[in-house]
Asker: 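Below is the structure I would like to discuss, written out as structure tokens.
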Amino acid sequence: VLEPILQHFCQGFEMLKAINELDRHNAAVGPEIEEAMLRVARSGWYVLGKEVKAFEDAFAEFCGVSHCVGLANGTDALELALKAVGVQARDEVITVANAGMYSTVGILAAGATPRYVDASVKSLTMAPDCLTAAIGKKTAAVIVTHLYGQLAAIEEIRAITVAAGIPLIEDCAQAHGAMLNGKRAGSWGDIGCFSFYPTKNLGALGDGGAIVTNRQEVAANVLKLRQYGWASKYSVALQGGRNSRLDEMQAAVLSVKLPKLDGWNARRRSIANTYCQLIDNPAVQVVNRPTDGFVSHLFVIRSMHRESLRAHLKSLGIPSEVHYPILDCQQQILLNRLSQIALPVSELACNEILTLPCFPEMTDIEVSAVVFAVQSWKSKSQQ
Ligand SMILES: Cc1ncc(COP(=O)(O)O)c(C=O)c1O
């Protein structure tokens, strides 16, 4: 009975502005951020100073590793991580094709070639059996992406890379704080890469990134690579160096936010749990059923009639996004460069996935509105 009334009420009404509302998120720590930014502005020191060092120490401790090196963004983190573990031009690096092109951009920037493996149907993260089949003589590293806030099958993947003697790089840009058996994302492989882009679970007020690692020599390499390859001022000791530094202002903001991260992740997880419990539409499947260690960076559903569902949500003021609409191997710049490969799971998912709003400041009413919007959609096959 309520459905037509609600539908009428919601028509033309913008329930949420976007799948992420950063003004609301940052307002939750507004005064503390302003104080931190003022402190930096007045300090006279803006690049690689005590704010960056303090954040690096705190973030390493949070991740349960011994080293963190702050960088300019998450894509640089991937590139410099590859270089730091010894990947050379013309090496191959194995990755998935459904994680937004970031690992590919890092691999190409390091001069290497991506080799794609398919995702598993259940999680849409790297399928361990596909990884095993793809490892060859040219494989110099593996990048595993903890997509949507869930750890990939990291125990199996680590066992495979250890047995093959290949470095494992974790792309944790969507998984700050995610855990399995008490171990955080970033502490499983040889090196973990983070982005602090503003929409991330731990986001700066601009760009930022970092690597974390337990390997002292790998951390030392990244420390050089982030600053022209310098071993000491003006003395370049390492090839492949760049300028990729986290600045003091962003580090100060991140230090304010880090202690709140577990609480924010818990709220994201509880929204995801509500979606899982209440979304019961035969034409919709939920991709991730949250576990304790899931940090619900993106809440993703799938449907064979995605565009119709998306239009219906929009008509009720509910924004949605697709993460991601183009597979890496189908991006224009790679079409003539790589031989065709079949990635059936990734290809199908690409046409069906849809991300619903999920951020810690969402009210229960907004969460209910999203559920109502999904529940009230009937695909053609149901009509
Ligand atoms: C999985 C993943 N890896 C890497 C990145 C790249 O991070 P950045 O935008 O900071 O370069 C992002 C996000 O944008 C991401 O989602």
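For ligands, and for the atoms within them, numbers begin at 1 and follow the listed sequence.
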Asker: Are any of the side-chain nitrogens in Asp57 or Lys50 under 4.0 Å away from the carboxylate oxygens of its partner?
Answerer: no
Asker: Which atoms of ligand 1 sit under 4.0 Å from any heavy atom of Asn73?
Answerer: 10 (O), 11 (O)
Asker: Is the centre of the Phe55 ring less than 6.0 Å from the centre of the Phe62 ring?
Answerer: no
Asker: For ligand 1, which atoms, with element, lie under 4.0 Å from some heavy atom of Ala173?
Answerer: 1 (C), 2 (C), 3 (N), 4 (C), 5 (C), 12 (C), 15 (C)
Asker: Tell me whether Asp364 is salt-bridged to Arg267, with the criterion being a basic N under 4.0 Å from an acidic carboxylate O.
Answerer: yes
Asker: Is the distance between the ring centroids of Phe194 and His176 less than 6.0 Å?
Answerer: yes
Asker: Can you list the atoms of ligand 1 that are under 4.0 Å from a heavy atom of Thr145?
Answerer: 1 (C)
Asker: Applying a strict 4.0 Å limit to heavy atoms, is Tyr324 in contact with ligand 1?
Answerer: yes
Asker: Polar contacts were defined as any N/O atom of the residue lying under 3.5 Å from an N/O atom of the ligand; does this apply to Asp207 and ligand 1?
Answerer: no
Asker: Could you find the nearest protein heavy atom to atom 13 (C) of ligand 1 and give me its residue, atom name and distance?
Answerer: Lys200 NZ, 2.8 Å
Asker: May I ask you to say whether Lys260 pairs ionically with Glu361, meaning some side-chain N is under 4.0 Å from a carboxylate O?
Answerer: no
Asker: Ring pair (Phe, Tyr, Trp, His ring centres under 6.0 Å) with Phe299: which of Tyr275, Tyr148, Phe359?
Answerer: Tyr275
Asker: If the cut-off is 4.0 Å to any non-hydrogen atom of Gly74, which atoms of ligand 1 fall inside it?
Answerer: 7 (O), 8 (P), 10 (O), 11 (O)
Asker: Any idea which protein heavy atom is nearest atom 11 (O) of ligand 1, and the distance to it?
Answerer: Thr75 OG1, 2.5 Å
Asker: Does the N or O separation between Tyr197 and ligand 1 drop below 3.5 Å for any pair?
Answerer: no
Asker: Please examine the side chains of His146 and Glu170, heavy atoms only from C-beta on, and report whether any two atoms are closer than 4.5 Å.
Answerer: yes
Asker: Between Lys83 and Glu79, does at least one N-O distance fall below 4.0 Å, as a salt bridge requires?
Answerer: yes
Asker: Name the closest protein heavy atom to atom 5 (C) of ligand 1, giving the residue it belongs to and the distance to 0.1 Å.
Answerer: Tyr102 CG, 3.3 Å
Asker: Name the closest protein heavy atom to atom 3 (N) of ligand 1, giving the residue it belongs to and the distance to 0.1 Å.
Answerer: Asp171 OD2, 2.6 Å
Asker: Which heavy atom of the protein is the closest neighbour of atom 9 (O) of ligand 1, given with residue, atom name and distance?
Answerer: Ser195 OG, 4.1 Å
